[in-house]
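First the structure, which I've put down as structure tokens, then a few questions once you've had a look.
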Amino acid sequence: MLSDDFIEQVLVVVDSIPDGKVATYGMIAKLIGREKNARLVGKALSYANNYGEYPCHRVVNSSGRLVVGWYKQKELLVNENVTFNKSGNVNLKENLWDGDI
DNA sequence: AGACTGACGATCC
DNA sequence: GGGATCGCCAGTC
């Protein structure tokens with residue numbers, strides 16, 4: 001069971017990701033003091049829908065790969081002018097968030 | 001308690 | 001750059 005506190009911290013960070021930017025799980029994990037628990041961040045985000053509407057589509061893994069099976073995610077990001085490379089991954093070079101809240 | 005899993009990351013080909 | 005491997009550490013069964 002993920003602590004509400006942990007989830008809350010994740011959501012706060014996710015909510016501060018600016019439009020047209022994306023963040024990585026590891027980055028968020030580090031920001032909330034769980035550098036090695038990037039997986040839990042993803043887990044927390046899966047619960048995020050239960051806690052309200054958050055831009056969890058702006059979070060990708062370190063390769064810029066989107067969530068497998070969540071095809072809507074790319075659509076949502078495109079709507080925010082996030083660019084993709086020909087492999088269908090997020091163009092981290094241009095869209096990665098600096099992490100400054 | 002022990003084994004398996006995962007919306008991940010770093011490294012090494 | 002992309003795939004294969006291993007490491008991580010909670011969560012789940």
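Computed over heavy atoms, backbone and side chain alike; hydrogens, waters and symmetry mates excluded. A, B, ... follow the sequence lines: proteins, then strands. Residue 1 opens every chain.
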Examine dA10(C): is either OP1 or OP2 under 4.0 Å from a nitrogen or oxygen in the side chain of Asn37(A)? Give yes or no.
yes

How about Asn61(A) and Thr24(A): does a side-chain donor come under 3.5 Å of a side-chain acceptor?
no

With DNA chain C as reference, determine whether Asn85(A) or Tyr47(A) sits nearer its 5' end, using the nearest nucleotide of each.
Asn85(A)

Looking at every strand, decide which applies to Leu40(A) at a 4.0 Å heavy-atom threshold: base, sugar-phosphate, or nothing.
sugar-phosphate

Between dA7(B) atom P and Arg65(A) atom CZ, what is the distance in whole Å?
13 Å

Whole angstrom is fine here: how far is it from CD1 in Ile32(A) over to P in dC9(C)?
15 Å

Donor-acceptor pair present, Arg39(A) side chain and dC8(C) base, under 3.5 Å:
yes

Tell me the interatomic distance from Tyr25(A), atom OH, to dA10(B), atom P, rounded to whole angstroms.
15 Å

So how far is it from Ser46(A) OG to Leu2(A) CG, rounded to the nearest 0.5 Å?
7.5 Å

Given atom CG of Asn89(A) and atom C1' of dG1(C), what is their separation to the nearest angstrom?
10 Å

Within the 4.0 Å heavy-atom criterion, would you say Leu66(A) contacts the bases, only the backbone, or no part of the nucleic acid?
nothing

What nucleotide among dC8(B), dG11(C), dA7(B) has an atom nearest to a side-chain atom of Ala38(A)?
dC8(B)

Whole angstroms only, please: what is the NZ-C1' distance between Lys30(A) and dC8(C)?
16 Å

Can Glu80(A) and Arg58(A) be counted as an ion pair, charged N to O under 4.0 angstrom?
yes

Using a cut-off of strictly less than 4.0 Å, decide whether Ser63(A) has a side-chain nitrogen or oxygen near OP1 or OP2 of dC8(B).
no

Side chain of Leu2(A) - closest among dG9(B), dA7(B), dA10(C)
dA10(C)

Gap between atoms NE2 and P, on His57(A) and dA7(B) respectively (whole Å)
19 Å

Classify the nucleic acid contact of Ser46(A) as base, sugar-phosphate or nothing, counting any heavy atom under 4.0 Å across all strands shown.
base

Less than 3.5 Å apart, any donor N or O on the side chain of Asp5(A) or Gln9(A) sitting next to an acceptor on the other?
yes

To the nearest Å, how far apart are Leu96(A) CG and dC8(B) C1'?
15 Å

d(CG, Asn61(A); C1', dC8(B)) in whole Å:
7 Å

Check whether any side-chain N or O of Asn37(A) sits under 3.5 Å from a backbone N or O of Arg39(A) as a donor-acceptor pair, and report yes or no.
no

Verify the contact: side-chain N or O of Lys36(A) to OP1 or OP2 of dC9(C), cut-off strictly under 4.0 Å; return yes or no.
yes

